[in-house]
Amino acid sequence: MESIWSRTCEIRRRESLQGDIETDAVVIGGGMAGILTAYQLERAGIHTAVLEAERIGGGQTKNTTAKITSQHGMFCKTFLEKKGKETATKYVQANQDSVEEYKRIIKEEKIDCDFEEQDSYVYSQDAEKLKQEAEVACELGISASYVKEIEVPVSCAGAVKFARQGQFHPLKFMAAIAERLTVYENSPVKEIEEHIVRTPGGSVCAGKIIFAVHFPFVNFPGMYFARMHQERSYVLALEDAGTLNGMYIGEGKDSLSFRQYGKYILFGGQGHRTGEEHDGRKYKGGSYAALREAVERIYPGSREITCWSAQDCVTADQIPFIGTYAKDRPDWIVSTGFRKWGMSSSMVSAMLIRDMLCKNENPCAGIFVPDRFSAEELPQIMKDGGKAVKGLTKRFFHIPDEISSQLEPGRGAIAETAEGKAGVYKTEEGTIYQVGIICPHLGCELVWNPDEKTWDCPCHGSRFDYQGNLLEGPAQEGIHGE
Ligand code: FES
């Protein structure tokens with residue numbers, strides 16, 4: 001499972017941090033948001049170092065579908081009703097500015113990243129809703145229209161079109177802009193104390209510390225774990241599926257996503273909350289299987305080249321958190337909660353953070369402040385709190401022989417043992433792996449994910465492979481058995 005981007009771009013390796021350095025700002029996280037932030041800060045004369053735990057672009061950036069658009073699904077009318085005209089206008093404007101900023105950077109820096117200006121579409125079965133959405137989008141300042149016919153072969157009553165958005169190769173773009181930046185790879189942050197960030201090989205003393213990680217890993221202050229959830233979605237790259245103008249996404253829970261890259265159609269869908277049962281999983285054994293069934297219908301005769309999945313952080317009110325980490329950490333800045341719109345949100349974030357540090361007025365800053373209160377958060381906090389399991393931290397389990405022998409090869413399950421519940425996985429060759437199933441983040445019980453053979457946390461979305469190694473935070477350690 002390797003994305004089309006990883007297959008087609010190798011980013012130059014960087015040294016890890018060795019020794020102690022001082023700089024104006026340090027960015028934790030070398031994904032698109034972190035690299036763009038460092039790029040914008042350096043351009044503004046603020047010396048910045050980036051600390052990446054593994055390889056830059058190696059997290060969610062390599063898993064995006066890389067649409068650069070201010071069209072974040074069918075959202076304009078809902079945002080207008082929930083947030084009012086001023087906030088809705090600023091949100092779409094910030095994202096449209098981000099689309100234009102990508103175009104400017106790519107042109108000015110002459111970046112060869114397969115960028116194409118494309119219209120973006122959200123399709124639906126409901127013509128009336130589409131017409132209203134187009135009308136509201138225009139009211140909010142977007143060049144939008146309702147179109148009755150679209151190119152993708154799905155049943156719908158048309159789509160809302162946002163004109164002149166964009167698509168590109170995210171790793172080629174990132175490799176180019178990172179070239180002149182100070183980046184340390186394989187430098188995981190182990191400790192942060194006021195202005196000092198420590199990694200195994202050295203430390204950075206910085207005036208500002210920017211958390212551009214997928215999920216902010218400092219639990220307190222901020223409590224971001226309780227204010228977001230994570231969602232997964234799946235993508236197939238298809239050959240011999242024809243050509244496509246435009247970028248498309250469907251409305252609603254069964255939404256499908258389409259765009260072209262070179263000779264491939266990138267076909268995505270089957271989104272669900274991490275760690276939760278969902279329709280795709282019930283379908284013939286998994287989300288990929290459900291997506292492949294849709295391919296047989298929509299693109300018969302096409303050939304799958306590769307497949308991959310993405311994980312997105314979602315805030316309760318759907319607006320990212322970008323701004324001061326917490327009141328008592330005025331020099332820490334957080335950037336997270338981009339939903340499926342990581343490319344445009346990364347640029348929004350980079351420009352906002354640049355303006356914060358340069359003390360430039362940014363009219364859109366207020367709507368992203370992380371300490372805004374949203375009543376939509378409360379039900380989520382209550383729900384997740386109820387899933388925490390206390391006091392079960394054992395790492396050794398004696399798995400009864402009958403459980404090991406009954407488990408089918410390639411399957412995982414939760415087993416009751418004398419020491420408590422354990423996670424068990426049997427490889428195709430019959431080797432048994434056991435793990436603790438209490439999430440080391442805040443103690444929720446993990447669930448087996450048959451799509452990707454992982455243990456996933458239904459609370460805040462941490463994920464672990466079947467051997468117990470940490471794949472995604474906010475947890476910071478694995479769940480290995482002993
Ligand atoms: Fe928070 Fe698992 S990710 S408890």
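Order of listing sets the numbers, starting from 1, for every ligand and every atom in it. This structure is a prediction, so every number in the text was calculated from the model and none was measured.
Separation of atoms CD (Gln270) and OG (Ser287) is listed at 5.0 Å; rounding is to 0.5 Å. Annotation: the span from Ile322 atom CD1 to Ile210 atom CD1 amounts to 12.0 Å, rounded to 0.5 Å.
By the 6.0 Å contact criterion, CD on Glu2 is enclosed, its count of non-hydrogen atoms from other residues, nucleotides or ligands being greater than 12. No more than 12 heavy atoms of other residues, nucleotides or ligands shown are found within 6.0 angstrom of CD on Glu10. Remark: Arg411 CZ is loosely packed, at most 12 non-hydrogen atoms of other residues, nucleotides or ligands lying under 6.0 Å away.
Listed by chain and residue number, the protein N/O/S atoms under 2.8 Å of atom 2 (Fe) of ligand 1 are Cys439 SG, Cys457 SG, with waters left out.
Salt-bridge annotation for Glu185 and Arg14: absent, with no side-chain N of the basic residue lying under 4.0 Å from a carboxylate O of the acidic one.
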